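Worth saying up front: this structure is predicted, and the values here are computed from it rather than measured. Values below: every heavy atom of this structure, side chains too, minus hydrogens, waters and symmetry copies.
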Amino acid sequence: MRAQLARIDAVLVQAVIAAALSFAHLHDLASAAGQDGWKAWAYPVSVDLLLVAAWRRLRSGRDRAAGWCWFLVALAASLGANIATAGLLDLGDVPGWLRILVAGWPALAFLGGTLLAHGAPTQSADAEDREAHAPDAVDVPAPTPAAEPSPRPPAESSAPTTPVPAALVDHARKIANAHQTRTGSPIDADTLRARLGVPAPLADQIAAQLT
């Protein structure tokens, strides 16, 4: 635990030192470029805020290209000030192109910070927002299945009955009497149909008239 705290403390101390030196270098460069007074102090704040905004975009995991772009821009401004104030640049005679860069930095930093802080959300963020504001689902009762129609009784045959000739009925009666005398039981329609050689419907009609 103590070793971990020691590592954290060392990182914090290093970060404070780097931030203080970079802050001072940016202040000196802005002041040498004609931005004196409070404006010279605002420049390092602007660079650091752009670095923080770019780092937060990188940590969020969305639109990493924009995060890396503005992070490198802010890092170049910070490193450029550190190198320029290390004796490579005569702060008493700052070139015109550097004055233009320093003067245009606030607008560039504002543009980068606005794009990073208010960029369009990704599709996943839009989906999460829609799910969060979606109305609660309403339980809809399942449709009741329609009752199956009851089977209709078979329709009675409406075929017209064929009139049976009287001679055929008399002949069938003789056969029926002979059958009853021989077997002791009335003749059935199937036996009558077989003895007469007529269709089943006609045999049924004849049997009905014999009863």
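Linking Ile, Leu, Val, Met, Phe, Trp and Tyr residues whenever their side-chain heavy atoms come within less than 4.5 Å leaves V52 and L111 in two separate clusters. In the hydrophobic clustering of ILVMFWY residues, with side-chain heavy atoms under 4.5 Å counting as a link, F110 and L75 come out apart. Tracing side-chain contacts under 4.5 Å through hydrophobic residues (I, L, V, M, F, W, Y), one reaches L79 starting from L58; they form part of the same cluster.
Atom OG1 in T85 sits 12.0 Å away from atom NE2 in H27 (nearest 0.5 Å). Considering CD1 of I175 and CG of D170, their distance stands at 11.5 Å, rounded to 0.5 Å. Here the straight-line distance linking atom NE2 of H179 with atom CG of D188 works out to 6.5 Å at 0.5 Å rounding. A distance of 6.5 Å separates OG1 in T181 from CG in N177, rounded to the nearest 0.5 Å.
The shortest distance between side-chain heavy atoms of L98 and L29 falls below 4.5 Å. Considering only heavy atoms from C-beta on, L116 comes within 4.5 Å of L50 through its side chain. Between W70 and L108, some side-chain heavy-atom pair lies under the 4.5 Å cut-off. Taking 4.5 Å as the limit, every side-chain heavy atom of V45 sits out of range of all side-chain heavy atoms of W41.
Across all their heavy atoms, A32 and V94 have their closest contact at O-CG2, 3.4 Å. Closest approach of Q35 to A40, counting heavy atoms only: O-CB, 3.0 Å. Residue L26 comes nearest to S78 through the heavy atom pair CD2-CA, 4.3 Å, listed as atom of the first residue, atom of the second, then distance. V102 and Y43 make their closest contact through O-OH, 2.7 Å (heavy atoms, listed as atom of the first residue, atom of the second, distance).
Applying the 6.0 Å contact sphere to CZ of R59 captures no more than 12 heavy atoms from other residues, nucleotides or ligands. Enclosure of atom CZ in R56 is not indicated, since only 12 or fewer non-hydrogen atoms of other residues, nucleotides or ligands lie within 6.0 angstrom.
Taking S46 as the reference, W105, A109 meet the side-chain contact (heavy atoms from CB on, under 4.5 Å) condition, with sequence neighbours excluded. With sequence neighbours left out, the side-chain hydrogen bond (donor to acceptor under 3.5 Å, both in side chains) criterion links S60 to no other residue.
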